[in-house]
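Comments concern the structure below.
Order of appearance sets the numbers: ligands from 1, and atoms from 1 within every ligand.
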Amino acid sequence: MSHALPYMIQVSQLSITVVGGGMVAKKRTQSLVDAGAHIHLVTPRLEGDWDELLRSHKVTWEAREGTYEECFLADWVFLCTNNSALHDGFKRNKAPRQMIYRCDVAQDGSFYVPASIQKGLLSVSVSTAGASPSYTKQLKETLEAVLPTHAAEDLQFLQQARKRILAQKGERQAKLKLLKELASKDRLRNPNREEWLNEACALVEKERR
Ligand SMILES: C[C@@]1(CC(=O)O)C2=NC(=C\c3[nH]c(c(CCC(=O)O)c3CC(=O)O)Cc3[nH]c(c(CC(=O)O)c3CCC(=O)O)/C=C3\N/C(=C\2)[C@@H](CCC(=O)O)[C@]3(C)CC(=O)O)/[C@H]1CCC(=O)O
Ligand SMILES: NC(=O)c1ccc[n+]([C@@H]2O[C@H](COP(=O)([O-])OP(=O)(O)OC[C@H]3O[C@@H](n4cnc5c(N)ncnc54)[C@H](O)[C@@H]3O)[C@@H](O)[C@H]2O)c1
């Protein structure tokens, strides 16, 4: 059986339409807006509290029903209504190269959505290809409990340090060794890690042939 590949996608440059205004539509819209996207929303009604999303000016709501005959021109279309026959129709009408998401039959769309944990620059995603969203949720909770609590702060430090090390003068091998050592628990958890980094950078530069 073929399986889907996980990718990290920058969504801010995509044109995205979400059809439907229930719990699933809201979840998908919220995560897309959090990731910097602007959403065109097509639904006659909004279920639950959308106030904050609408106030963000990142969501344009067209208050009407989607119809079987129409074709959306967005790069991505999220079909999030409770009407599977309508989703079948949109899929038939889909524009060339358009990516379709179906909330009702995951594997009938171009992609589906994993559960994800975000801690600053760290992302962890879990998927069972739709076999069991409940199992996915449990596994996500297990993983959340074992991830380091300081991952976000450590990654902020490592990102800056990596830029600095790669930009400075010195042997490439020595720099790579330094990057590896810096990511180790001993170095990261050391309260003097900034001082150690300064000294190590100076040494790499001094030792260059
Ligand atoms: C992980 C999580 C992330 C999120 O939604 O953000 C997520 N579902 C969550 C929970 C959850 N969803 C459902 C239940 C009820 C119990 C059950 O059915 O088991 C529970 C449990 C609960 O709520 O406790 C019902 C359900 N879900 C899908 C269908 C349709 C179908 O099976 O095709 C139906 C039946 C609808 C119906 O029949 O009415 C489909 C999908 N749900 C996915 C993700 C994608 C696959 C992920 C994977 O590959 O494992 C996928 C395939 C589609 C997609 O979204 O692309 C989120 C965890 C919450 C969290 O993160 O805290
Ligand atoms: N992917 C998931 O994680 C997941 C989880 C639970 C349920 N589901 C599936 O997703 C479906 C939607 O779930 P929900 O809880 O958001 O449902 P819901 O009933 O709360 O919302 C459905 C929304 O679709 C809108 N709608 C209906 N017809 C429309 C049309 N022609 N054009 C535009 N909008 C229209 C309604 O106004 C409503 O806002 C469920 O029926 C189920 O099949 C998926």
Side-chain angles (χ1 to χ4, degrees), residues 1-11 14-96 98-119 123-145 147:
M1 191 193 103
S2 66
H3 62 274
L5 291 177
Y7 285 95
M8 307 293 289
I9 298 177
Q10 312 274 16
V11 293
L14 298 173
S15 60
I16 301 176
T17 294
V18 172
V19 191
M23 183 264 296
V24 178
K26 185 171 171 241
K27 249 172 115 169
R28 299 295 164 250
T29 302
Q30 184 72 61
S31 58
L32 287 163
V33 165
D34 289 346
H38 193 290
I39 304 301
H40 187 79
L41 181 66
V42 179
T43 180
R45 281 177 306 283
L46 296 174
E47 261 64 59
D49 184 3
W50 287 73
D51 287 357
E52 203 179 315
L53 272 168
L54 292 176
R55 271 201 309 270
S56 73
H57 299 293
K58 299 279 172 55
V59 178
T60 309
W61 176 22
E62 199 181 333
R64 66 168 178 90
E65 285 200 346
T67 64
Y68 288 86
E69 297 78 36
E70 73 185 298
C71 162
F72 292 104
L73 294 178
D75 297 322
W76 285 11
V77 181
F78 283 75
L79 301 176
C80 302
T81 79
N82 48 4
N83 183 342
S84 289
L86 184 68
H87 294 178
D88 290 341
F90 282 134
K91 210 190 146 195
R92 271 195 303 274
N93 302 345
K94 117 182 171 47
Q98 186 171 66
M99 301 282 276
I100 296 264
Y101 163 86
R102 284 189 74 143
C103 73
D104 53 336
V105 197
Q107 300 203 356
D108 196 40
S110 322
F111 60 93
Y112 44 89
V113 179
S116 73
I117 307 167
Q118 198 72 41
K119 283 179 183 282
S123 305
V124 179
S125 300
V126 186
S127 172
T128 60
S132 171
S134 295
Y135 184 95
T136 305
K137 189 175 176 181
Q138 285 169 35
L139 190 54
K140 173 184 158 178
E141 284 161 8
T142 307
L143 290 171
E144 255 169 342
L147 288 177

Discussion item. Determine whether a donor-acceptor pair (N or O, by modelled atom type, separation under 3.5 Å) exists between the side chain of K26 and the backbone of E47.
Written reply: no

Practice prompt. Please state whether N83 comes within less than 4.0 angstrom of ligand 2, counting heavy atoms only.
Written response: no

Discussion item. With a cutoff of 4.0 Å, is R28 in contact with ligand 2, counting heavy atoms of the residue only?
Written reply: yes

Practice prompt. Could you tell me whether ligand 2 has any atom less than 4.0 Å away from a heavy atom of P133?
Written response: no

Discussion item. What I'd like to find out is whether the side chain of E70 reaches to under 4.5 Å of the side chain of N93, using heavy atoms alone.
Written reply: no

Item to complete: Ignoring angles and geometry beyond distance, decide whether N82 reaches within less than 3.5 Å of ligand 2 through its nitrogen or oxygen atoms.
Response: yes

Item to complete: Could you list which atoms of ligand 2 come closer than 4.0 Å to a heavy atom of L86?
Response: 30 (C), 31 (N)

Worksheet item: Counting from 1, what ligand 2 atoms have a heavy atom of V42 closer than 4.0 Å?
Response: 33 (C), 34 (N)

Worksheet item: If only atom types and distance count, is the side chain of K91 paired as donor or acceptor with the main-chain N or O of R102 below 3.5 Å?
Response: no

Practice prompt. Give me the one residue out of F90, F111, Y112, F72 that meets ring pair (Phe, Tyr, Trp, His ring centres under 6.0 Å) with F78.
Written response: F111

Item to complete: Looking only at distances, please establish whether an N/O atom of ligand 2 is found under 3.5 Å from an N/O atom of A25.
Response: no

Item to complete: Show your working on side chain to side chain contact (heavy atoms under 4.5 Å, CB included) between C80 and K27 and close with a plain yes or no.
Response: CA-CA 10 Å; C80 302; K27 249 172 115 169; over 6 Å; no

Worksheet item: Quick one: does Y101 get within less than 4.0 Å of ligand 2, heavy atoms only?
Response: yes

Practice prompt. State the atoms of ligand 2, each with its element, that fall below the 4.0 Å cut-off from a heavy-atom position in G20.
Written response: 24 (O), 25 (C), 34 (N)

Response to the item:
Closest heavy-atom approach to atom 26 (N) of ligand 2 among V19, L79, T81, V18 is made by T81

Fill in: Within-cut-off N or O pair, E47 and ligand 2, under 3.5 Å
yes

Worksheet item: Taking the side chain from T136 and the backbone from S127, do they hold a donor-acceptor pair closer than 3.5 Å?
Response: no

Worksheet item: Quick check: are there more than 12 heavy atoms from other residues, nucleotides or ligands sitting under 6.0 Å from NZ of K58?
Response: no

Item to complete: Could you tell me which atoms of ligand 2, counted from 1 in the order shown, lie closer than 4.0 angstrom to a heavy atom of G21?
Response: 23 (C), 24 (O), 25 (C), 38 (C), 39 (O)

